[in-house]
Amino acid sequence: MMMMIRRRISSIISASLINSSIQHTSKPRFITSSSPLILTQTPTSALQGIRAYSLLLSLNDLRDNVPRKLKTRKGRGIGSGKGKTAGRGHKGQKARGTMKFGFEGGQTPLRRRLPKRGFKNKFKLHFQPVGLGKIAKLINAGQIDSHELITMKTLKDVGAIGKQIEDGVRLMGRGADEIKWPLHFEVSRVTVRAKEVVEAAGGSVRRVYYNKLGLRALLKPEWFEKKGRLLPKAARPPPKQQDRVDSIGRLPAPRKPIPFLSAEENTVESPVES
């Protein structure tokens with residue numbers, strides 16, 4: 001079957017080469033004689049094309065695309081050269097089985113000889129930063145309404161922050177000179193400079209706490225609707241984070257800011273429905 005296909009392909013290619021060479025030959029020559037006028041063409045270029053094609057491709061040169069070196073089959077008899085012990089030799093640990101990774105024959109392995117350096121804090125929180133200058137550009141472009149409360153969901157919807165938000169958003173003071181109007185924020189963390197600039201313009205920044213489930217409910221409430229679930233209740237912050245937040249996050253995403261209480265009542269508040 002393969003041989004018939006190859007012959008068919010070679011005949012088609014040779015025919016196409018002959019036709020193309022005939023079409024691109026020089027002008028026809030007129031031979032005058034006693035007989036009527038006869039139009040002839042020289043097929044020399046066609047023969048040259050066939051000869052060039054035969055040098056490049058021929059049936060005896062066609063072969064399947066198989067690797068030149070086949071895989072060694074071990075343990076298939078002494079005639080293969082890799083029979084009986086299959087190249088492992090006689091007896092010993094290396095002939096009988098494999099060792100665990102890093103095993104060095106009983107001596108102290110390298111991973112235990114080297115000292116430990118540093119550690120990875122599993123309680124570390126990762127906040128995605130966003131600058132005030134970026135928010136000001138989005139407000140000037142009309143993507144954010146400066147009269148409404150700016151939450152982490154607002155920043156995610158307009159593309160001010162990425163999609164991978166692990167523990168919240170940190171408001172930074174980059175581009176603080178562009179803030180000329182009062183703004184109200186609800187974010188996870190805020191730098192000292194950013195808070196001073198926002199409050200100097202007549203706005204406010206509230207640090208709110210969301211756990212993993214609450215942050216998902218804030219950013220993707222449609223996920224709960226698709227699963228047919230209710231939004232979870234807002235969780236209280238752990239004791240070590242109570243002095244770093246101002247209140248508990250509200251669900252669903254709020255639209256109006258909460259006024260700050262006096263210094264005597266500045267404790268962790270319960271969620272208030274907007």
Side-chain angles (χ1 to χ4, degrees), residues 1-14 51-130 152 156 159 161-170 172 188-189 209-220 222-224 226-229 232 235-242 244-245:
M1 185 65 182
M2 290 295 297
M3 186 61 69
M4 294 176 63
I5 295 175
R6 291 172 180 173
R7 290 177 180 176
R8 182 61 179 170
I9 293 174
S10 61
S11 62
I12 293 173
I13 296 175
S14 60
R51 189 180 299 108
Y53 168 74
S54 63
L55 294 175
L56 294 176
L57 178 65
S58 57
L59 293 177
N60 60 342
D61 292 335
L62 297 177
R63 59 174 57 91
D64 295 334
N65 188 16
V66 296
R68 295 178 179 271
K69 186 176 181 180
L70 300 178
K71 182 180 178 181
T72 303
R73 301 173 71 236
K74 298 180 180 180
R76 297 298 186 271
I78 59 176
S80 63
K82 294 293 182 180
K84 191 183 175 182
T85 56
R88 290 192 173 205
H90 292 279
K91 301 183 180 180
Q93 189 177 21
K94 294 182 179 180
R96 292 190 173 96
T98 57
M99 294 78 70
K100 66 178 181 179
F101 179 76
F103 182 70
E104 299 181 11
Q107 71 176 11
T108 306
L110 181 65
R111 60 181 176 83
R112 292 177 56 191
R113 295 198 302 267
L114 298 178
K116 295 181 180 179
R117 296 298 184 204
F119 73 103
K120 184 177 181 181
N121 187 6
K122 61 180 180 180
F123 300 105
K124 183 179 179 180
L125 301 178
H126 300 274
F127 300 102
Q128 194 164 136
V130 58
M152 291 182 283
K156 176 182 174 295
I161 54 179
K163 297 181 180 179
Q164 301 298 332
I165 304 174
E166 297 186 21
D167 298 303
V169 177
R170 185 190 302 273
M172 309 292 289
S188 301
R189 296 290 188 271
Y209 172 78
Y210 289 97
N211 59 355
K212 294 287 186 179
L213 186 62
L215 195 60
R216 174 185 287 187
L218 174 69
L219 301 176
K220 297 181 179 180
E222 63 276 0
W223 185 86
F224 292 86
K226 182 180 180 180
K227 298 290 184 179
R229 301 179 184 179
R236 291 183 175 273
K240 291 186 178 181
Q241 295 190 37
Q242 287 184 358
R244 298 184 180 181
V245 297

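Hydrogens, waters and symmetry mates play no part in the numbers below; they use all other heavy atoms, side chains included.
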Neighbour count above 12 (heavy atom, 6.0 Å) for [X] [atom1]:
X    : atom1 : answer
L110 : CG    : yes
Q93  : CD    : no
R112 : CZ    : no
N65  : CG    : no

As an exercise, state the distance from [atom1] of [X] to [atom2] of [Y], rounded to the nearest 0.5 Å.
X    : Y    : atom1 : atom2 : value
L218 : I165 : CG    : CD1   : 8.5 Å
R73  : S80  : CZ    : OG    : 8.5 Å
R113 : Q107 : CZ    : CD    : 5.5 Å
E104 : R111 : CD    : CZ    : 9.0 Å
K84  : I78  : NZ    : CD1   : 9.5 Å

Heavy-atom closest contact ([X] atom, [Y] atom, distance):
X    : Y    : value
P232 : F224 : CD-CE2, 3.9 Å
N211 : A235 : ND2-CB, 3.4 Å
R88  : A95  : NH1-O, 3.3 Å
A86  : G75  : CB-N, 4.1 Å

Does the [X] side chain pair with the main chain of [Y], one donor and one acceptor, at a distance under 3.5 Å?
X    : Y    : result
R76  : K74  : yes
D167 : F127 : no
K212 : E166 : yes

Among Q241, M152, R244, R170, the one residue meeting side-chain contact (heavy atoms from CB on, under 4.5 Å) with S188: M152

Test log, rule side-chain contact (heavy atoms from CB on, under 4.5 Å), inputs Q242 and Y209: CA-CA 9 Å; Q242 287 184 358; Y209 172 78; over 6 Å; no

H126 vs Q164, test: side-chain contact (heavy atoms from CB on, under 4.5 Å). Steps then yes/no. CA-CA 11 Å; H126 300 274; Q164 301 298 332; over 6 Å; no

